[in-house]
**Student:** 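To start, I am sharing the structure in question, which I have written as structure tokens.
The analysis underlying the following values was restricted to heavy atoms, covering all of them including side chains, and did not include hydrogens, waters or symmetry mates. Every chain is numbered from 1, with letters handed out A, B, ... down the list of sequences.
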Number of protein chains: 2
Amino acid sequence: MATFGDIGVAAALNILSALGFLMAFALLRLQPINGRVYFTKWYLKGARSSRTHSGTFIHKFINLNPRSYLRFLEWIPAALKMSELELIEHAGLDSAVFLRIYLIGLKIFIPITILAFFILVPVNWTNSTLKNLTSIQYSNIDHLSISNVPTGSQRFWVHLVMAYVFTFWSCYVLLKEYKIVTAMRLQFLASVKRRPDQFTVLVRNVPPDPDESVSELVEHFFLDNHPDHYLTHQVVYNANKFTKLVNEREQMENWRDYYQLKYDRNPSKRPSIKTGFWGLYGRKVDAIDFYASKIDNLSKEEATELENTIKNPKYIIPAAFVSFRTRWGAAVCAQTQQTRNPTLWLTEWAPEPRDIYWKNLSISFISIAIRKLVVAVVFFFLTFFFMIPITFVQSLANIEGIEKVVPFLKPLIEVRVIKSFIQGFLPGIVLKIFLLLLPMILMLMSKFEGFVSLSALQRRSASKYYIFLLVNVFLGSIIAGTAFEQLNSFIHQSANEIPKTIGVSIPMKATFFISYIMVDGWAGIAGEILRLKPLIFYHFKNLFLVKTEKDREKAMHPESINFATSEPQIQLYFLLGLVYAAVTPFLLPFILVFFALAYLVFRHQIINVYYQKYETAAAFWPDVHSHIITALIISQLLLLGLLSTRHAATSTPLLIPLLVLTIWFHRFCKNRYEPAFVKYPLQEATMKDRLERDREPNLDLKAYLRDAYVHPAFKKGEDDDDKVAGDEGELETIWCPPSTSHAMGHQFPATSAAHHHRPYLMLSKNSDNTS
Amino acid sequence: MATFGDIGVAAALNILSALGFLMAFALLRLQPINGRVYFTKWYLKGARSSRTHSGTFIHKFINLNPRSYLRFLEWIPAALKMSELELIEHAGLDSAVFLRIYLIGLKIFIPITILAFFILVPVNWTNSTLKNLTSIQYSNIDHLSISNVPTGSQRFWVHLVMAYVFTFWSCYVLLKEYKIVTAMRLQFLASVKRRPDQFTVLVRNVPPDPDESVSELVEHFFLDNHPDHYLTHQVVYNANKFTKLVNEREQMENWRDYYQLKYDRNPSKRPSIKTGFWGLYGRKVDAIDFYASKIDNLSKEEATELENTIKNPKYIIPAAFVSFRTRWGAAVCAQTQQTRNPTLWLTEWAPEPRDIYWKNLSISFISIAIRKLVVAVVFFFLTFFFMIPITFVQSLANIEGIEKVVPFLKPLIEVRVIKSFIQGFLPGIVLKIFLLLLPMILMLMSKFEGFVSLSALQRRSASKYYIFLLVNVFLGSIIAGTAFEQLNSFIHQSANEIPKTIGVSIPMKATFFISYIMVDGWAGIAGEILRLKPLIFYHFKNLFLVKTEKDREKAMHPESINFATSEPQIQLYFLLGLVYAAVTPFLLPFILVFFALAYLVFRHQIINVYYQKYETAAAFWPDVHSHIITALIISQLLLLGLLSTRHAATSTPLLIPLLVLTIWFHRFCKNRYEPAFVKYPLQEATMKDRLERDREPNLDLKAYLRDAYVHPAFKKGEDDDDKVAGDEGELETIWCPPSTSHAMGHQFPATSAAHHHRPYLMLSKNSDNTS
């Protein structure tokens, strides 16, 4: 058991490593050569570009301005300075609302921490239960915890009342926050300029018809049932083969550009390559001509395939994007049932074009029902039995196993260093690899379930990951043993025995979770801002692989918030905070530091680095809300179990009404606020329609929508960059890069000239973004 | 423990009493004097009337035709003869589908019984476990049950496989039935003639506005948000006081008619009454004049109150019935969210006018959320702790208690007969009274929850009653002791211990449930057809209270199917059948007899007696379906528990996939079929709109809808019988009364001349009921 001293040492170590990361970041970000790593977003938005460099060569790579080093910490105020409205315009509503999760953490836990330290700590401290007990090992942290209160004491009433206070405060914050986020979402949807998805509905499960093509069928159906509102539609092609061809051609073009550049620089010698595998052997040919002819061939193939795809009805999947004359018409179609059979002609709001997961559009209703069952079963086994295959692989990955499978490696393995490495690290590495792969596995499972938008996939994976963390990290740490062992013991325990078993162990695990928070929550978050992996990868690629400017763009590898893994990790902290609030308040300050640091770091990252690929207008909020409620309920159950083992018989049953009230609160919030995230109120649609009609009476909506929902591969096939612009861009204004960039001693201007989305700019002139 | 002999005796007794009831019914129904009790429906439909009697006086009361007595059992083929389509037209879809519940029982249990007797009974019988055990009392019925299979036997595999077979068969029947009922509902909705509720949406939670009245607000809102579809609306008045006045006036009119009749018969003497309490004392006045003046006064008061109600905005509640030009418009409005705030302007399909529960229209969203919580908590306590107040009342209702409260009764109580009656019966009677009051209590709770239609109230009460029966009758009989004691022991048992505890007792309780089925299911159902209570009440009223023809109509007291209590009772039989199918197959034939008899009896009653007040187009089916699924899941859990105590370790876990599959099947059915009971597909609406437009291009829909959703009291105020007709009548054709009535020796003709719904007939000429 750790004492204050132990925790002090651990905290010092972790604070030092966190500070080290932050310092390294503060210095590295000042170097222009790292610009694309630490200011990715500004490059992508065109407000910063490597082409506009001027000045000496060395200035391109290293910042020689000594004054900027004096202000190396100014990224902190810079990250906090941008107002929320600016942030929404700069990074989208999703990112802004994501940051609010950390803010909620602070809002919930600052008052709870203060209350706990002023009320619960004195109540716990002024007992002497633990002093009298010497048989069991208790640390002095436990003197502040509920363990120090003697069995059957009347003081447990204080804990009970505090549990009520904490719950009511959390619910109050959650309610207020749900209200704010709902208002933000509706405000965002109302103020955003015209977007194709406002007029469009995704129709799936179009029934097959022997006489009509899917396209005719869709047209007739909607002309029939939405005669006054139907405008146009876009069928969905199975473009897998075509996509492959386009990607291949792009690669070839890249090579051609590279050799062209080489030739331009050194016109005396035309570059040549070998035609064989990886250019290692074979006939020597002129490189530029070779790639030009390859591109030519591929373009022809593409054209054939494109024609084939569009002409051949086999390539058309039974789904379509149907667009309406008005937002009202689309809102109506998305919210209503179309035919008798509720498994056919399923309509829902179309995700925005960039958010679509094209592969899942053709899955039928029954198939989805079966897939959901399969995934539920697989996920259950994954959560509770994942240790079995891991153990199996670990047993294979020992010396004898490897020698058996690959006997020719035997001499190598027998080397002492390698042997000890295998024996010492391999089992741990196998587990680590599995845990690294886990989010990918969960994402695959979600994809198999048939969701049609990337954002829904993220949300679904997040929920799975949350459950996995809950079972394997939280419960798994409290009760030692695998999840399967827990499951087995729970089945054999009575319903009110389970919270007791867990509740009793909770105070003892406080020090473990404190160190977990410091390692994962402090140093880990500080490491996040350093972006060590992208930094190394970028420079590695830049040195060896980057051939053209386009390659450099790609090497930036812009990241976005990974909701599927980040959100469950934050939720773990909510869970820890709520569970320990009434038990071991000493843990709370550590949680507070996490939330504050993470808020700062992610705000900086969202402003400067992360680039959201799509915008869902905070559609994930109901998930966040219900995960926090889950944490609340778990904390109440465990407190109930803990108190009942302490013979606080009169007070314990009084926790049950709290449980009922919390569940009721959740249902209330669900009814009250969730519709705003699922449906689109008709009043809003009407208002926006009317406004638009007044402003642009002659708008050709059909032309506007024509290409909005074309498969991205087709767009790539036609033109790489110009035509896509119509369907992106919530980002109206071009923002000045943060003030630090001025202080960095180089001159690329923050003009919007670099903004190359021509058609988009044209459109934004007409849009009604002032409301 | 009962032996075959015991059960034989009990069966004989119950069969005799059932036959007695049936015989009495067969004879009583032939007497014309009982016509209004046994042919209520035909009187209400106007196809039979007491006014058209001819022949001798005696013929009016007793059937003297000896030939009709020879065919006294012909009501049985007569009840079965009417086809389902005719039944739908005669009694509505609700009644026809209600009968299908019994049919499902037969469809599920006939094959299960056959299979169980051919496979399970031999498997159980050919063991000798019970012969070797003499210590525990086993009856010879148990030789056919699973108790006879030795612990750890491989024969349990057979039970396991049969559990799978039974579940799959039940699910197959359920799926098919859901499909059929869905089709019937949609067919019914499509073929039914124009009804006001097809065009009307109920709007609740209209937000208060200082500048506009509710009526103006509603009009502006819908003109704004449904400009092309909005037609008209009807505000809802708080008409409680007015209703009271109307009822009072009706009573007075009835008395006046009575005295008028008296005077007409005996013109020599004008009747007179005393003005005091109940006409017992006070001034003597002329009765006809007295009531005439009273009626006059009340009419004036009514007029004032009516004006007051309509003029005074305080009487207008924030809800309205909004009608649309097309069914499409109404379908859209009912299925969509109107404003940002999902708790305001809540829209849903309007129930048909007769189905509305007017008092609940004004409850606000938040109030409903709180009421639901309160009712959930109260219902929990009612279910598990209802024995506590009962015991308390029982303790009061003893000799000493009564003597204390009402000491002057002491001499009476001390009489020996009365004393023993109180001691012996009173405690039982207290419990019986509670059980009789229970459906009323549950209905009150449902009303408090704020449902706006009578049918929803019925469905909600049925679900509550089902849970109550499950806990207190089923579980309560298996594990002796109160529900509270069970709850307490379950909390202290492990999760897999609970099914074991119950599972073990199941085979032992088979004989108890067999006698329960015979008493409640055989004799009880046979008693239902006799209608002893209505018979006695009717004749009692007819003798002493009936003053006018209108009174006689009232004395008939037409009953309708009481879904709230009948459905849960049927469900108990499903539960028993499914639980015992794999355990004690000997119970199954008793269940089969119940389903067959109940089907016959209720078919007869629905054709001849019950008169449904409203039509929901089988909206209750999803509830019926999910209750049967609940029974399936409970039966699987209990079998799991039972098998695990028999050390059938290898086979038992294989029941878990069955459980998962059943739950999945339920979710699948819910997604696949439930929307048909909640939403109204746009395609259907369009088709019906188009048909109507073609047939009646000049229809004045506004006039048609004007009075449809007026509070019933206002209609009563204007005219009692004529104007209501516009909003009833799925029953297009007038059916000939069943052939028995011809054989009964009197002559009232089966013409539709007696049909007095004039405006309705006029409307039906125009309607599109042929599709």
**Student:** Quick one: CZ on A/F668 to NZ on B/K372, what's the gap to the nearest 0.5 Å?
**Tutor:**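 It is 12.5 Å, given to the nearest 0.5 Å.
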**Student:** Just so I understand: if I count every heavy-atom pair under 4.5 Å between each of A/V377, A/T686, A/L373 and chain B, which residue has the most?
**Tutor:**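 Option with the top pair count is A/L373.
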**Student:** If you count heavy-atom pairs under 4.5 Å between each of B/D224, B/I366, B/V678 and chain A, which one has the most?
**Tutor:**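 Sorted descending by pairs with chain A, the first entry is B/D224.
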**Student:** Which one of B/D689, B/T339, B/D228 has the most heavy-atom pairs closer than 4.5 Å to chain A?
**Tutor:**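 The residue among B/D689, B/T339, B/D228 with the greatest pair count is B/T339.
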**Student:** Identify which part of B/R690 has an atom lying under 4.5 Å from any heavy atom of chain A, answering side chain, backbone, both or neither.
**Tutor:**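 Answer is side chain: those atoms of B/R690 sit under 4.5 Å from chain A.
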**Student:** Which atoms form the tightest heavy-atom contact between A/H226 and B/W328, and what is the distance?
**Tutor:**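 In this case the closest contact between A/H226 and B/W328 is ND1-CZ2, 3.4 Å.
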**Student:** Just wondering, do A/P681 and B/Q338 contact through their side chains at under 4.5 Å, heavy atoms?
**Tutor:**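 Side-chain contact under 4.5 Å: no.
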**Student:** Can you tell if the side chain of A/R340 reaches within under 4.5 Å of the side chain of B/Q683, non-hydrogen atoms only?
**Tutor:**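 Answer no - side chains too far apart.
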**Student:** Rounded at 0.5 Å granularity, tell me how far CZ in B/F221 sits from CG in A/L682.
**Tutor:**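 Reported value, rounded in 0.5 Å steps: 8.0 Å.
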**Student:** Checking heavy atoms, do the side chain of B/N671, its backbone, both or neither come under 4.5 Å from chain A?
**Tutor:**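 Contact with chain A: backbone and side chain both.
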**Student:** For A/Q337 versus B/P675, what's the shortest heavy-atom pair and its separation?
**Tutor:**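 Taking every non-hydrogen atom into account, OE1-CB, 3.4 Å.
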**Student:** Under a 4.5 Å cutoff for heavy-atom pairs, which residue among B/I663, B/V660, B/L186, B/T343 has the most contacts with chain A?
**Tutor:**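 Result: the option with the highest number of such pairs is B/L186.
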**Student:** Relative to chain A, which of B/P657, B/A183, B/P342, B/C333 shows the most heavy atom pairs under 4.5 Å?
**Tutor:**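 The answer is B/P342.
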**Student:** Looking at side-chain heavy atoms only, is the closest gap between B/Y680 and A/T336 below 4.5 Å?
**Tutor:**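 When only atoms from C-beta onward are counted, A/T336 and B/Y680 do not touch, as no gap falls below 4.5 Å.
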**Student:** Is a side-chain N or O of A/W664 found less than 3.5 angstrom from the main chain of B/A369, in a donor-acceptor match?
**Tutor:**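 Judged by distance alone, yes, a pair lies under 3.5 Å.
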**Student:** Counting only non-hydrogen atoms closer than 4.5 Å, does A/I370 touch chain B with its backbone (N, CA, C, O), its side chain (CB onward), both, or neither?
**Tutor:**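 Both parts, backbone and side chain.
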